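Presented below is the structure to which this report refers.
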Amino acid sequence: MPDIQYLGHACFRIRGRDGIVVMDPCDRASGYDIGRPTASIMTVSHQHPDHANTAAVRPLKERLNTFDGPGEYEVSGILVTGVRTFHDKKKGAERGRNTVFVTHIDDMAFAHLGDLGHELTAAQIEEIGDIDVLFVPVGGNESLSASEAVAVIAQLEPRIVIPMHYAGEQVVIDQPLDGIDKFLTEMGIREPVFEDKLTITATSLPPEGVAARVVLLRPITVA
């Protein structure tokens, strides 16, 4: 029964029975203070400070396992797969590479798209596989725009979608980002409700074949 917390920008923490995963920790220059979260696994999609503040994350026990590139990894029953993608539509020629991380915790699959800048190829979709929860950038500029995010959601068909990497009250990074409104309009959400965290079980997931549920999370700071 994993718990999901949003720490700001593109950073999330997933707590499951076998460990804790922190994804894309951002630095304070982004406008967010993620605090000092603990984790057994940390994933980094690319080496920008607002996605790779690795010094802020503390080991849950004796070791923090950090993954920042493609490959298949396993730590204490948690499976992690890194899938090579790009930060732009020109195979990295403009902004470099990006890694999509798929993490299997408590028999559920979570995909964090990092700063994905393009729609996925058939090979990438196959490598990512079936997804229960998708963390997707929606703010545009150097990653997916709202409409592009919707297209990628259609490609992956997750059961829950959690938007990230959009302009909020705290964001102060140099690149202008769109707010969440454009994405909500694209998804047909008129009365958004923000939650402090999301706890999911296999039985609470939307049924396969129906439209994905969009969950909006408030950013928190972890002591």
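In this text the structure is predicted, and so the values were computed from the model without any measurement. Atom set for the values below is all heavy atoms of this structure, side chains included, hydrogens, waters and symmetry mates excluded. Residue numbers start at 1 and run along the sequence shown.
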What I'd like to find out is whether the side chain of L216 reaches to under 4.5 Å of the side chain of L184, using heavy atoms alone.
yes
Just so I know, are the side chains of H118 and T85 near enough to count as touching, which here means a heavy-atom distance under 4.5 Å?
yes
To the nearest 0.5 Å, what is the distance between CZ (R213) and CD1 (I160)?
5.0 Å
Side chains of I34 and T221: does their closest heavy-atom pair fall under 4.5 Å?
no
Can you check whether H104 reaches I78 side chain to side chain, under 4.5 Å on heavy atoms?
no
Evaluation steps, salt bridge (charged side-chain N to carboxylate O under 4.0 Å, His left out), between R28 and D50:
CA-CA 8 Å; R28 291 185 180 181; D50 56 332; over 6 Å; no
Does a side-chain heavy-atom distance below 4.5 Å link T99 with V83?
no
Validation row: T199, P2 side chains within 4.5 angstrom (heavy atoms):
no
Heavy atoms only: give me the nearest V152-E119 pair and the separation to one decimal.
CG2-CA, 4.0 Å
Testing the 3.5 Å rule here: is there a donor-acceptor pair between the side chains of S76 and D18?
no
Return yes if some donor-acceptor pair links the side-chain N/O of E127 with the main-chain N/O of Q124 below 3.5 Å, else return no.
no
Tell me whether K197 is salt-bridged to D3, with the criterion being a basic N under 4.0 Å from an acidic carboxylate O.
yes
Going from CG on D196 to CD1 on I220, what distance comes out if it is rounded to the nearest 0.5 angstrom?
7.5 Å
Return the set of residues passing salt bridge (charged side-chain N to carboxylate O under 4.0 Å, His left out) with D132 (not counting sequence neighbours), or none when no residue passes.
R159
Taking every non-hydrogen atom, the tightest pair across P25 and C11:
CA-SG, 3.6 Å
Using a 4.5 Å side-chain heavy-atom cut-off and chaining through intermediate ILVMFWY residues, the residues clustered with V22 come out as M42, V44, V57, L64
Rounded at 0.5 Å granularity, tell me how far CD1 in I153 sits from CD in E186.
10.0 Å
Check the pair F183 / Y166 against side chain to side chain contact (heavy atoms under 4.5 Å, CB included), numbers first and verdict last.
CA-CA 9 Å; F183 177 72; Y166 55 85; over 6 Å; no
If we ignore angles and hydrogens, is there a donor and acceptor under 3.5 Å between the side chains of H165 and D115?
yes
To the nearest 0.5 Å, what is the distance between CG (L144) and CG (N141)?
12.0 Å
With sequence neighbours excluded, what pairs up with H46 under the ring-ring contact (aromatic ring centres under 6.0 Å, His included) test?
H48, H51, H87
Shared hydrophobic cluster, F194 / V133 (ILVMFWY, side-chain heavy atoms < 4.5 Å):
yes
I200 with L156, same ILVMFWY side-chain cluster at under 4.5 Å
yes
Going by an N to O cut-off under 4.0 Å, is there a salt bridge joining D106 and R17?
yes
According to the interplanar angle, ranging from 0 to 90°, do the rings of H112 and F12 count as parallel (below 30°), tilted (30 to 60°) or perpendicular (above 60°)?
perpendicular
Going from CZ on F110 to CD1 on I105, what distance comes out if it is rounded to the nearest 0.5 angstrom?
5.5 Å
Least distance between heavy atoms, A212 atom then P158 atom
CB-O, 3.3 Å
Got F67 and I41 here, is their nearest side-chain heavy-atom distance under 4.5 Å?
yes
Separation between CD (E157) and CG (L134), nearest 0.5 Å, reads 11.5 Å
Smallest heavy-atom separation, P37 atom then A56 atom, equals CD-O, 3.6 Å
Heavy atoms, side chains only, cut-off 4.5 Å: are C26 and N53 in contact?
no
